[in-house]
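Structure, as structure tokens:
Throughout, protein chains are lettered first and strands after them, A, B, ... in sequence-line order, and every chain is numbered starting at 1. Keep in mind that what you see is a predicted model, and the values were worked out from it rather than measured.
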Amino acid sequence: MADHAAHVPGLAHHFVSMEQQKEAGTIGMWLFLLTEVMFFGGLFLAYTIYRAKYPDGFLQGSHLLSVPLGGLNTVVLIVSSLTMAMAVYYSQLGERKKLLGFLTLTLILGTVFLVVKYFEYAEKFHHNLFPAYWTYNPAADHPPTQYHGHVQVFLWIYFMMTGLHALHMIIGIALLLVIMFLAHRGKFTKEYNSPVEIFGLYWHFVDIVWIFLFPLLYLTGYHVGGGH
Amino acid sequence: MAEHTSEHHIVPLKYYFGVFALLMVFTALTVWVAQFDLPGLWNIIVALTVACIKATAVVLIFMHVKWSSKLTQVIIIAGLFWLAILLIMTMADYLVRGGWGVLGVQPN
Amino acid sequence: MANEMGHSEEPQKNYLNASHTVKSWLLTLDHKRIGLLYLFSISIFFAIGGIYASLIRLELITPQGDLMSAETYNRVFTMHGVMMIFFFLIPSIPATLGNFLLPLMLGAKDVAFPRLNLLSWYVFMVGAILMLITIMSGGVDTGWTFYPPYSSIYSNTQVTLAGVSIFITGFSSILTGLNFMVTIHTMRAPGLTWFRLPLFVWAHYATSLIQVLGTPVIAITVLALGFERTLQIGIFDPKLGGDPVLFQHMFWFYSHPAVYIMIIPSMGVISELIANMTRKKVFGYHFVAFSSLAIAVFGFLVWGHHMFTSSQSMYAGMVFSLITYAVAIPSAIKTFNWTATIFKGSVSYDTPMIYALAFIGLFTIGGMTGLFLAALGLDIHLHDTYFVVAHFHYVMVGGAIIGYLGGLHFWWPKITGRMYPEIWGRISAAIIFLGFNLTFFPQFIVGYLGMPRRYHAYVPEYQVWHVLSSAGASLLAIGFIMPVAYLAWSLKYGEKAGDNPWMAAGLEWETSSPPPTENFTYQPVIDHDAYEFEHVKEIKEAAAKEAALQTA
């Protein structure tokens, strides 16, 4: 039964067919995304509870965030989802150059997201809006965050949720580099391209998390002071 | 006995561009609505509805769920269901405790 | 297989002798070897947890807190709980027996993701090493439940390190569950439809559901606690606007389903033991299969029953109490079905069956006392008393560990190719049963009388119960050590086992003992339900021999 003569490239030995392997990989990734939903879910729970309790703190806290930057990041991620979907499309057609091109675009966009995030965080640290003594800036106009009352609750939720999201972006970029390396080596063909698609699922998921984070964190306080 | 999957289907590019356009339009919409202080809970309702529409579009088209096996669809529904359990049952405790927000029982 | 011709034996190639280097074990992708790696590690962690248990029972012999200070005692019971729950019970059956048997029972060559499987063991070991470092740094004194504000603000022990350890260990659980679910969905042999699967597989599917859906929540909870402790953020701190009860909600959202991670696999084992040791199809197969799923789903809806006295709203308490009663129903269905299976079966009282029978009795007691605790009013009196301690030990030890030991004995010949000495199996099962009941039954009484849990000193009126309990604990310890000894002995001196020494039904018995690395030398195809003993080769042969003797 163990017929080693017919070796299908990319098929692991414990699977009986490429179809079984692809299905296993896809379901495996979806189950993993399920765990991510529950993982972020705990923070969404905290958000819901504390927003219900401190509506004003959340309004004011949210107003401290920059909607243009958040909006820019939202657009960046949406475009990156498009480029990722197109990368999958070209992997299914076996077009290596276009696959690599769109993967590269996705990589650039993901990096842009993180750079914007870095500037946002740096600005918050500068204004002592991050609750840690080791980022305390004595020259800032705000005292350390503990004295901001319930705005502090919003801020730690903001940092935890966007921080966790950014960590997932970093991991995504690392995985993307691996996929790009394999694509460059010509590992993906019309017959074997499921890793690209399965990675795409992860990338889209991280985009979806941001689709929820943006309105909940940034837009909540946008109308304070007439939408500036 | 592997479950049947329809993953040989290649999604035409126009679906992707269509979803992209939808996502951009809805993003602009949600930002535009957010500048108004709507009465009661309408701000959050609109924001979450728009977010759900965008997420659904990404899931169905970008993530190919429209053409995926039943099992994939069940996994997604299960995830949403479990998240709902976490949120709803915990909120159920807070909302009836009193002093916890506009929806719940108010302390006397 | 033993060679009847008397030739010098050339051992058949199997997964154990396929390669001998340390590297071949530490870098193995074979699910059977990974199961053994887990078996080895969790046995060590069980021993550590057991040492802590011995210290607890030693202290509690006398009413005064004379063996150790209260602070030390806090660390001892905390580490006992942490080691036993996270590093023994949660992995136990799934990571050892589940890993070993699932692909065999499915007729597959391995699990869906063998490398993730190996990774899950390494992740588990990293988490365990971090917890060992925590122990060597003095342990944690918050109770295994880590409630803030004590854990986040006031405790001077290594809470953050312990939190990191649990965070990491959780990934091991998630990876195992994910692997099992994908394997069961996509790698069943031709003809093996869902309702032809052994109930052990159904149980592991249900368990994997919980692992995948619940563990991430404890991960984020522990992460948040760590941030709270290091950054004083205010998530759970009332002074800064937080709510300590939120921690309890998030913690128990996982930790209640976690107890079902611990018991459902054991129930799966019991189904296999009872069917095969009474040579009868499990009564109500579909009901037993669905009740595993029902327990998994309902188990997510009851976590508030740990929080009746926490200032949780009374209305939420009523909902949780009602659903807790409901979650007992599928467990009861299983218990009735097992009993009905035994009725008019051909019962053989070998060691696995003794464990299975013990399970039914002990789990029933444990489960029913859970109903006492589910009653809101009664729980006000019983919460945080030894009644609770007795309840969960009846289900965790009397249920989960008994099932684990039964399964270990039942599948020992398949895993090692050797039989354990039956007489010692029965003796230690009896000692464990007696020791266990002597240890924990008095705890129901002393708890009902008012003895609080996590206290090292108590009023003299309770002493008689504690002395009985500690005496039982010594007996139980002996009972647990005995299998270690004779199972190890059997590896070298045990009688060589054939493919199917129990004449049991199941794909795992249709390959050699121990199995070859690729599990089967042919592609299994299934055309019958589970537990159809007419299809078992050894039974057919025995029946044919019997018929031949009759006609001769």
How many angstroms lie between CG in B:Leu87 and OH in A:Tyr47, if you round to the nearest 0.5 Å? 12.5 Å
Residue pairs meeting ring pair (Phe, Tyr, Trp, His ring centres under 6.0 Å), one or both in residues 38-62 of chain B, sequence neighbours left out, come to A:His204-B:Phe62, B:Tyr16-B:Phe62
Using modelled atom types only, decide if a donor and an acceptor are shared between the side chain of A:Glu120 and the backbone of A:Gly70 within a distance under 3.5 Å. no
Heavy-atom pairs under 4.5 Å with chain A - which of B:Thr27, B:Val46, B:Val50, B:Ile44 has more of them than the others? B:Ile44
Give the intermediate values and the outcome of side chain to side chain contact (heavy atoms under 4.5 Å, CB included) for residues A:Lys117 and A:Met169. CA-CA 11 Å; A:Lys117 225 48 246 113; A:Met169 285 292 300; over 6 Å; no
A:Phe214, part contacting chain B, at a heavy-atom distance under 4.5 Å: side chain
Please determine whether side chain to side chain contact (heavy atoms under 4.5 Å, CB included) holds for the pair A:Glu191 and A:Met18, giving the CA-CA distance in whole Å, both sets of side-chain angles, and the decisive distance to 0.1 Å. CA-CA 9 Å; A:Glu191 291 76 36; A:Met18 203 46 125; 5.6 Å; no
Identify, with sequence neighbours excluded, every residue that meets side-chain contact (heavy atoms from CB on, under 4.5 Å) alongside B:Val25. none
Between A:Asp207, A:Val88, A:Leu45, which has the largest tally of heavy atom pairs under 4.5 Å with chain B? A:Leu45
With a 4.5 Å cut-off on heavy-atom pairs, point out which of A:Val209, A:Leu201, A:Leu216, A:Val37 contacts chain B the most. A:Leu201
Is it the backbone or the side chain of A:Leu34 that comes under 4.5 Å from a heavy atom of chain B, or both, or neither? side chain
With a 4.5 angstrom heavy-atom cut-off, could you sort out which part of A:Ser81 is near chain B: side chain, backbone, both or neither? both
Which answer fits A:Leu219, side chain, backbone, both or neither, if we ask what part of it has an atom under 4.5 Å from a heavy atom of chain B? both
Can you say whether A:Tyr202 sits under 4.5 Å from chain B via the side chain, the backbone, both, or neither, judging by heavy atoms? neither
Ring-ring centroid check A:Tyr218 A:Trp210, cutoff 6.0 Å: yes
So which residue, B:Leu38, B:Val11, B:Leu48, B:Leu13, ends up with the most heavy-atom pairs under 4.5 Å with chain A? B:Leu13
With a 4.0 Å cut-off, would you call A:Glu19 and A:Lys22 a salt bridge? no
In terms of heavy-atom pairs under 4.5 Å with chain B, the winner among A:Ala85, A:Gly41, A:Pro215, A:Ser17 is A:Ala85
Could you tell me which of B:Leu80, B:Val59, B:Asn43, B:Val31 has the largest number of non-hydrogen atom pairs under 4.5 Å with chain A? B:Val31
